[in-house]
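All values below were derived from every heavy atom in this structure, side-chain atoms included, with hydrogens, water molecules and symmetry-related copies excluded.
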Amino acid sequence: MHFFIPMWCDTMICEATASTSAGSASDEVQRLADSIDAALRDESVSRKGLSVGSGTIFMEIVEAAQLLFDGIDDVHSLHSEENMELIVSRYIEHQDALLKLRPRVIRNL
């Protein structure tokens, strides 16, 4: 899964549907929409301090990318064994900071 900075989100919704007809699909979509609405209104669900408008999360992502990819200037060599080992070692070293940037996942609203 990729996250594109201009469309950053701090929450991912993982919800499966088991519709077998248009009518049941419509009902499931409505239930999902109602659940999302309720979750958005719940203060405990929102993450404090994330503001795309202020650029806070954007700068944190840029800094994380710099941690991982600093010094790898040639995109064509990015997947070389040497560079992959370097990126993995940097990820392991900074794993706690990098994991804080992951969107939260809500399952089974």
Side-chain angles (χ1 to χ4, degrees):
M1 181 180 304
H2 290 277
F3 296 94
F4 299 96
I5 293 172
M7 296 177 238
W8 178 255
C9 62
D10 64 352
T11 304
M12 292 296 299
I13 299 169
C14 181
E15 185 71 24
T17 59
S19 310
T20 56
S21 70
S24 65
S26 178
D27 291 343
E28 286 185 25
V29 168
Q30 185 60 55
R31 279 193 298 275
L32 178 60
D34 292 342
S35 297
I36 293 169
D37 182 60
L40 291 173
R41 293 174 191 279
D42 182 355
E43 241 182 80
S44 66
V45 171
S46 65
R47 284 168 94 182
K48 305 287 185 214
L50 276 183
S51 172
V52 175
S54 70
T56 303
I57 192 68
F58 176 79
M59 289 312 300
E60 289 177 14
I61 293 169
V62 169
E63 290 167 7
Q66 289 172 337
L67 284 174
L68 292 174
F69 305 111
D70 186 49
I72 303 173
D73 299 321
D74 180 16
V75 71
H76 300 292
S77 70
L78 182 67
H79 293 100
S80 71
E81 186 173 341
E82 179 183 346
N83 282 337
M84 292 304 291
E85 287 177 3
L86 178 62
I87 293 166
V88 169
S89 69
R90 289 175 177 175
Y91 178 85
I92 291 168
E93 182 180 346
H94 301 286
Q95 187 172 4
D96 290 340
L98 295 168
L99 289 176
K100 289 178 183 176
L101 296 174
R102 289 184 309 183
R104 190 170 46 96
V105 175
I106 298 176
R107 295 183 186 276
N108 302 320
L109 291 172

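Distance alone, capped at 3.5 Å, is enough to place a donor-acceptor pair between the Arg90 side chain and the Asp70 backbone. The closest donor-acceptor contact from the side chain of Ser77 to the backbone of Ser80 lies at 3.5 Å or more, if one exists at all.
Side-chain contact between Leu98 and Leu68 is present, with heavy atoms from C-beta onward closer than 4.5 Å. Using a 4.5 Å heavy-atom threshold, the side chains of Tyr91 and Leu99 count as touching.
By the 6.0 Å contact criterion, CD on Glu81 is open, its count of non-hydrogen atoms from other residues, nucleotides or ligands being 12 or less.
Taking each heavy atom of Leu101 and Glu60 in turn, the nearest pair found is CD2-OE1, 3.3 Å.
The hydrophobic clustering, which links ILVMFWY residues whose side-chain heavy atoms are closer than 4.5 Å, places Leu67 and Ile87 apart. Tracing side-chain contacts under 4.5 Å through hydrophobic residues (I, L, V, M, F, W, Y), one never reaches Ile72 starting from Ile92; they form parts of separate clusters. Linking Ile, Leu, Val, Met, Phe, Trp and Tyr residues whenever their side-chain heavy atoms come within less than 4.5 Å leaves Phe69 and Val88 in two separate clusters.
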